[in-house]
Amino acid sequence: MAEQGSFPPWSRIPSLQEMSQEAGVDFNQLIQSFQEGLSPKDLAVRFGVSENTMACLQDHFQHYGISSVMGGD
């Protein structure tokens with residue numbers, strides 16, 4: 001019998017898609033902008049949100065990727 005993981009197999013933090021939706025930022029355009037290597041300041045201008053919001057989204061992407069599913073499977 002396989003040993004079960006010690007963590008639940010669901011997300012413990014919101015995904016980037018959920019976070020971008022909450023900020024009013026189109027997720028697909030956000031990913032494209034990350035590919036372009038734009039700074040948080042340039043992203044803020046492009047999406048009409050604060051530089052801090054864009055820095056948080058970019059940091060989340062760099063640390064967790066597109067989804068944030070964590071589990072012990």
Side-chain angles (χ1 to χ4, degrees):
M1 182 172 188
E3 188 174 316
Q4 298 248 340
S6 59
F7 298 104
W10 57 81
S11 179
R12 295 169 53 183
I13 57 176
S15 70
L16 183 63
Q17 186 169 11
E18 292 170 317
M19 293 173 69
S20 64
Q21 182 179 14
E22 185 176 320
V25 173
D26 181 270
F27 176 72
N28 293 320
Q29 291 178 7
L30 178 65
I31 298 302
Q32 179 63 38
S33 297
F34 288 159
Q35 290 176 342
E36 295 173 25
L38 298 175
S39 71
K41 183 176 182 176
D42 292 334
L43 291 167
V45 170
R46 179 175 281 188
F47 292 104
V49 297
S50 74
E51 187 174 342
N52 185 52
T53 295
M54 294 315 303
C56 288
L57 290 173
Q58 193 171 48
D59 183 65
H60 183 89
F61 176 71
Q62 291 171 345
H63 283 92
Y64 301 105
I66 293 174
S67 68
S68 305
V69 176
M70 301 168 72
D73 290 350

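When reading the values below, keep in mind they use all heavy atoms of this one structure, side chains included, and skip hydrogens, waters and symmetry mates.
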### Task
May I ask you to check whether over 12 heavy atoms, not counting those of E22, lie within 6.0 Å of atom CD?
no
### Task
For the residue pair M19 and V25, establish whether any side-chain heavy-atom pair is separated by less than 4.5 Å.
no
### Task
Measure the spacing between OG of S15 and CZ of F27 and express it to the nearest 0.5 Å.
7.0 Å
### Between CD on residue E51 and OG on residue S39, distance to nearest 0.5 Å
7.0 Å
### Summary
Separation between CZ (R46) and CD (E36), nearest 0.5 Å, reads 4.5 Å
### Query
Can you list the steps and then say if L30 with L16 is a side-chain contact (heavy atoms from CB on, under 4.5 Å)?
CA-CA 10 Å; L30 178 65; L16 183 63; 4.3 Å; yes
## Note on the structure
On a heavy-atom basis, the closest approach of T53 and A23 is CG2-CB, 3.9 Å
### Task
Could you check if a side-chain atom of S20 sits within less than 4.5 angstrom of a side-chain atom of F47, using non-hydrogen atoms only?
no
### Summary
Tightest non-hydrogen contact, residues I31 and F61, listed as CD1-CE1, 4.2 Å
### Query
With a 4.5 Å limit on heavy-atom distance, are the side chains of Q21 and Q17 in contact?
no
### Query
To the nearest 0.5 Å, how far apart are CG in L43 and OG in S50?
11.5 Å
### Message
Has Q58 got a side-chain atom pairing as donor or acceptor with L38's backbone, closer than 3.5 angstrom?
### Response
yes
